[in-house]
Each structure stands twice: as C-alpha cells, then as structure tokens.
Amino acid sequence: MVDPNGSGRRTPSADRSRRPPSSFVEDANVTDPGIHEAFETEWPDCWERAADLLEWDEPYGTVLDDADAPFYRWFTGGRLNASHNCLDRHVDGGAKNHAAIRWEGKHGESRTYTYRELYTAVNAFAAALGELGVGEGDVVTIYLPTIPELPIAMLACARIGAPHSVVYAGLSADRLATRLEAADSDHLVTCDGYYRRGDAFNQKRKVDNAVLSLSRSVETVVVDRLGGAFEHDLADGQYDYDTLVDAHAGTTVEPVPRDAEEMLFLMYTSGTTGEPKGVVHTTGGYLAYAAWTARAVLDLKPEDTHWCTADIGWITGHSYVVYGPLALGTTTLMYEGSPDYPDRDRLWEIVDRNAVDVFYTAPTVIQAAMKWGEEYPARHDLSSLRLLGTVGEPISPRPWEWYHEHVGGGECPIVDTWWQTETGGHVVTTLPAIDGMKPGAAGPGLPGHDVRILDDAGEEVEPGRAGYLALGRPWPGMARTLYGNDERFLEEYWREFSDPEDDEWIYFGGDAAVVDADGYVTVLGRVDDVISVGGHRLSTMEIESVILEVAGVAEAAVVGAEATGVYAYVSVERGHDDESAIEERIKERIETAIGPIARPEAVIFASDLPKTRSGKIMRRLLEDVAAGEELGDTSALRNPEIVGEIQSSVRNC
Ligand code: PRX
C-alpha cells in the first residue's frame, strides 16, 4: 500500500521548458490550448468530438447515460460497425490504394495491404466465419502471433458482430483453455506455429492440448504460418484458413450495424487473484476513444506510418496497432520479430526503411536499446520520426533523455502515456503540441478527465505526496464490466473510493502516483499484486502459485522491478539443496503453465523471506532489493537479518 506520508521515489525534472519544435506544433492535430477548459465546460458533450471521428449508421441520442452508474453507457441509441469504420469508409472515401498495414516478418519478409486489399481479405474471412456458424454475439477466440491474419480476423469478427477475444500467442495451453472456457467461446482462430527468435515454434500442439482439456468442441481455423516445410494435421472441426478464404474470395459481407454499447471485444488481463478478468469493451465508446486518443495524443494523420511495437494480444495493440490507426485511415506497421534479432539495430533499421513517422513503445525496449548503445540508432536515418511515445511502465528521466536525443534527434516530442486495459485508451499524458514535457512524469489528465491522487480516506493528497491514482469521471473508452461478473467489476474498481449513497463514483485501477504543483502525474507503480513487465501485465499470485507447485519449494515471493522483469525469491525445503535444478524446474514450470513472458529474470534463493511480525512477506522490500534501491527502515521485520543475505544473492545473480 502507499505510504501517505512518503513522497514519490522518482522525481521528475521541474524543467517545463521542453516544448516541441514549432514545426511540430504547426502541423499538429490538436493545438488549441483552450481544449482542457473547453472539455470542462462542455462535459460530457465534449465527447461528441470523439464520436464525430466515426461514421454512424444511426445517430446516438444521448452522449452519456449514467442512470445505472458505474455501469455507464455512452452514445446510447447509436448504431455503427467497427469494420466499416476501419475499412469501408476509407475505401469508399478515395483511400483504397493507401497502405493500411505494413507487415515485417521474422525472416525479413514483408507484406503490405492497401485498404482495399485489407477490405477484401476481411470480407472473405467474415464470410468464412459465417459459414462456420459464427453469428452476432458469438465470442471468437484468436490466438495468433503478429501476422496480418490477426487484425484480419479481428475486423472480420467486428464485421459480423461477433466479439473477439484475442489471447496473446505466448500464453500457455492452460491459459488458452481457461480463456476459451471463461468466454463461452466455441470458435478459435490460430496457426500451425511461428518463429521465436530463429526457431520455428509449434503453436498448434498447444492448441490441441488446450482444446482436448475442454468439455465442449471448439471449431478451429488454422493459419499456415510456417509453410510446407512444417506439416500439420487437421482433425475434425479444424479448417485451413487459406482454403476457407479462397472459397469466399470476392464475397462481400455487409457490416452488421451494432448498438454503440454492444461488445466489440473481450480482453483477458491479470487481476489480483489468479483468475483472469474478461474486460468488456464496446463498439461505440471504445472505438471513438481509441480514434480520439490516437489523433490527439499520437497525432496520427492518414498519411503517417505509425509503428506501435506492442503485441496485438494486449490492449495497446488493440487500440494503437489496430483500431485507432485504422479508424483514422493511417498506415500501421506490424513487426513480428524481436528488437535485437538479427542485430541490435533492428528497430531503427525498420524505422529507417519504412520512414516511420510516429513510434510508440515500452520503456523496457528503450532501456534495452540504451544498454546496447547509441551506435545502433546512429547507423540509421531516423529523421522521418515526428513523435515518440511510451507506455506500460514508468520511464525514468535517463532513458527518457536517451530516447529523446538518440532516437528523436532532440526534435520529437515524447508522450508518456499512462492507461490500462480497463481504460481502453490513454488517460494521463501530455497533448504533444500543447503541454510541456517533464521527463519522468506522464503529464496531466487528458481533457475531460478528473485525475485525483487520493489518500486511504479518499481525500486528495497535496502535491508531492504519494497516493492512489483515481479517476473521478467516466469516459467513453472505459470498460463496461468484467465478462459475466458485474459484481467483480464493482469490487475491483469502484468500491475503494466511491460513495454510492451520494451517487459519487470514483474509479481506482490499482496504481500509486504523485502529482506536482503543475498537475503533472508521476506514476509510481501498482499497489496490488499485479506487476507490469515489458508492457505485459502479470499477477504475482498467479506466478507464485505455479512456483509453489515445484517440488522442494517452501515459500515464494514474486516481484517486478523496472527494467529487470520478474524476480522470484524462493526458500527451499530442508533436504532440497540442488538450487540450480530447482531454478530450472521453476522456469520450465512457469513457461508451461503461463508462458515465456512470466519466466523469471532471476530466481533468488534465501534461507527465509523477509516477513512482518504478523508473518506477511514484505514484497515492497523485495522490490527495492531487486531494483537495487536503498532500503528504508527494516526494523518492522521479524527477521531483519535476512535482508543482507538476500541483497548479496541479488548482487551475485
Ligand atoms: O501500472 C500501470 C502500468 O501498466 C498498468 C496497466 O497494464 P495493462 O492493463 O496491461 O495495460 C498496459 C498498456 C496500457 C497500469 O496499471 N502503466 C501503463 N502505462 C504506464 C504505466 N505505468 C507508468 N507509466 C505509464 N505510462
């Protein structure tokens, strides 16, 4: 929990003189400094500006219906189709030959889809899904790596009104099975395999295992990603993607107009308990918000090539690889590989070759690139870049400065965007042409938001004091509920600070933050048992319970540390002293049960874990040890002598 008397650990520079160059401001999408105030006076109608970025089949009657708060409803009565908004209107509006997707494959292959080509591919697959019996409202699970068939499948679902649930391709068979089950999903789109670093990796085997473990049958479409060299069999109820699509080539499927409040997609994310939460996003509010923030914060224009490096399996990919950019008619770049393969200049080589205008990534990527050295970006012409962004974790001033100088050439504004799966899009960030930048601070709330930093009693804390980052007003992109579990939605986000008697609803998403006198928010990190690693959200409890299944492990505590990933602290049972064998088993078990993203960076063995007098493991302290930070007072510990031992193990690992 936040120490209300403590102050933020990361102190952003007070220098507000970092203004974007005037060339950026002149051409920016949002330049009116009065926008914050305009949104205040016009709230909630100000959000019509977001809705106006879309084409509606039927206009909405009310901007915000709060009768059933906090189950807010936006743009009620309106009807629209997301696939129409991302495709048809650009094709019909004269942009049919404009590039929609540029895809960079693992082995140097590339594919470009114009809006017309993407439209054709989406229509054919929408027809195929229809033939498989997918109807409006049926949840289709998609389990694909970064290949064009992923956004094609998403948009095909959207076209026929079938919500999609994309499961990150790196998650395990177990996790896929839980998500299929939880979403009542009878249809799955996946592939035979994909390349991880240099190696082909069998995805279909994972799928077959997941499906076998379910009680009902799941119709499965399999994309052939690996080609003829890697044969795969199709069982009953499994279909080859190309064969299906070829059979429907040239078919046009009319987009199904959906009520603004109907579900566009489900996105499972980690909560504080091991059970994943199915965050529900809607067709009208979500799409309007993704488009509005992509335009206002990322400054996207149709003529831009935008590269968001996030995997589409996470919310950042949904909002800023697929829906936001395509709704605006921009060219979106997808990259299948890793930043250091075949060499450490891979990112910059792609920026150079594609003349990328806007680049959006996670602080971990910047930190890794900084470690590799400035000679890698220096090898390439990065002058096409106009704006840089970060998301997923706090970015400290040093990597911020490195990014600004060595990637942006000192000329590109940086937006540090704080948001969450549940918020659908950016919430706390600067507007790049309007607000000055402070390295280390994300910025003020976006126009229309009421960002508050609260103490335990729900009172706003003074600037400079750490508190809970809470939102006092709803916004169109907010999650509407957790799939099939309204009660958990209330419990997880609305109970902490709201006053239902007074109909005052305050959203709390689990982060601590500190605000300065200018209203700039520095995010300190999660206060619950959720960690963010490289833009991926993981539950520490979920990882700990997997570690505890390994023979010989007595206790486990998992923490995340900025730029270092997952740290697992483990004490072993008497008689199990082969630590390296246990470490290997822990890593393997985590990879199978959850996926490689949860694989610990380090497993630290200790004879005991630091505990309070009541026996609770002090995770905060373990986080500080992992980050190499100075430790505060450890006198509240029952076993303070253990801290020195753990610190030296961390230094040696
Ligand atoms: O802790 C915050 C961190 O990522 C969490 C949300 O994770 P997820 O739902 O997976 O979405 C990630 C992409 C939006 C938040 O609760 N986080 C996100 N952006 C930032 C951040 N922490 C600090 N600064 C950010 N800019």
Side-chain angles (χ1 to χ4, degrees), residues 170-175 178 270-275 525-526 528-534 536-653:
L171 283 188
S172 65
D174 273 13
R175 293 322 187 244
T178 336
S270 296
T272 44
T273 67
E275 209 177 309
R526 309 274 315 185
D528 54 17
D529 297 330
V530 173
I531 52 177
S532 271
V533 176
H536 302 156
R537 189 154 126 188
L538 300 166
S539 150
T540 53
M541 268 179 62
E542 188 181 4
I543 306 175
E544 284 166 13
S545 64
V546 173
I547 297 178
L548 289 170
E549 288 166 16
V550 172
V553 172
E555 282 183 311
V558 163
V559 301
E562 191 186 340
T564 44
V566 175
Y567 266 53
Y569 295 89
V570 169
S571 68
V572 294
E573 286 166 357
R574 214 178 283 257
H576 289 84
D577 41 18
D578 187 354
E579 290 178 354
S580 63
I582 295 182
E583 173 166 353
E584 223 15 72
R585 284 206 295 276
I586 288 175
K587 289 183 169 170
E588 266 170 30
R589 180 76 201 110
I590 290 177
E591 240 184 271
T592 332
I594 305 174
I597 43 160
R599 192 181 160 94
E601 198 64 34
V603 178
I604 293 120
F605 291 92
S607 51
D608 197 3
L609 299 180
K611 296 196 188 90
T612 60
R613 288 185 209 287
S614 60
K616 264 186 82 153
I617 298 175
M618 283 262 278
R619 288 187 173 71
R620 274 260 165 227
L621 187 114
L622 292 172
E623 251 173 48
D624 288 345
V625 174
E629 304 242 353
E630 248 178 62
L631 305 183
D633 186 7
T634 55
S635 60
L637 289 179
R638 186 169 74 188
N639 51 352
E641 68 285 354
I642 203 69
V643 177
E645 178 193 323
I646 294 178
Q647 275 180 312
S648 77
S649 310
V650 168
R651 273 195 296 269
N652 295 330
C653 78

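Of all the heavy atoms in Ala557 and Ile617, the pair that sits closest is CB-CG2, 3.8 Å. Pairing each heavy atom of Pro596 with each of Gly170, the nearest pair is CD-O, 3.0 Å. In plain terms, the two heavy atoms of Ala598 and Ile543 that are nearest each other are CB-CD1, 4.2 Å.
Considering only residues two or more places apart in sequence or on other chains, Lys611 meets the salt bridge (Lys or Arg N to Asp or Glu O under 4.0 Å) condition with Glu555, Asp608. With sequence neighbours left out, the side-chain hydrogen bond (donor to acceptor under 3.5 Å, both in side chains) criterion links Glu641 to no other residue. For Ala554, the side chain to side chain contact (heavy atoms under 4.5 Å, CB included) test picks out Ser571, Glu573, with sequence neighbours left out. Under the side chain to side chain contact (heavy atoms under 4.5 Å, CB included) criterion, Arg589 pairs with Val546, Glu549, Val550, Thr592, Ala593, not counting sequence neighbours.
Side chain of Asp174 to main chain of Ile594: no donor-acceptor pair is present (N/O by atom type, distance under 3.5 Å, no hydrogens or angles). The closest donor-acceptor contact from the side chain of Tyr569 to the backbone of Leu622 lies under 3.5 Å.
Atom CE of Met541 is separated from atom CG of Asp528 by 11.0 Å, given to the nearest 0.5 angstrom. Distance check: Glu544 CD to Ile590 CD1 gives 10.0 Å after rounding to the nearest 0.5 Å. Taken from CZ in Arg526 to CD in Glu623, the straight-line distance is 12.0 Å, to the nearest 0.5 Å.
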Identify every side-chain donor-acceptor pair in residues 579-586 under 3.5 Å, counting partners at least two apart or on other chains, and give the distances.
unit_1: Ser580; atom_1: OG; unit_2: Asp578; atom_2: OD1; d: 3.4
unit_1: Glu583; atom_1: OE2; unit_2: Lys587; atom_2: NZ; d: 3.1

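By the 4.5 Å heavy-atom criterion applied to side chains, Ile597 and Leu171 are counted as neighbours. Looking at Val558 and Ile531, their side chains come closer than 4.5 Å, going by heavy atoms from C-beta outward. Counting heavy atoms from C-beta outward, Ile604 and Tyr567 have side chains that approach closer than 4.5 Å.
Residue pairs meeting the side-chain hydrogen bond (donor to acceptor under 3.5 Å, both in side chains) criterion with at least one member in residues 642-653, sequence neighbours excluded, are Ser607-Glu645.
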- Message: For Val559 and Thr540: C-alpha separation, side-chain torsions, deciding distance, then whether side chain to side chain contact (heavy atoms under 4.5 Å, CB included) applies.
- Response: CA-CA 7 Å; Val559 301; Thr540 53; 5.8 Å; no
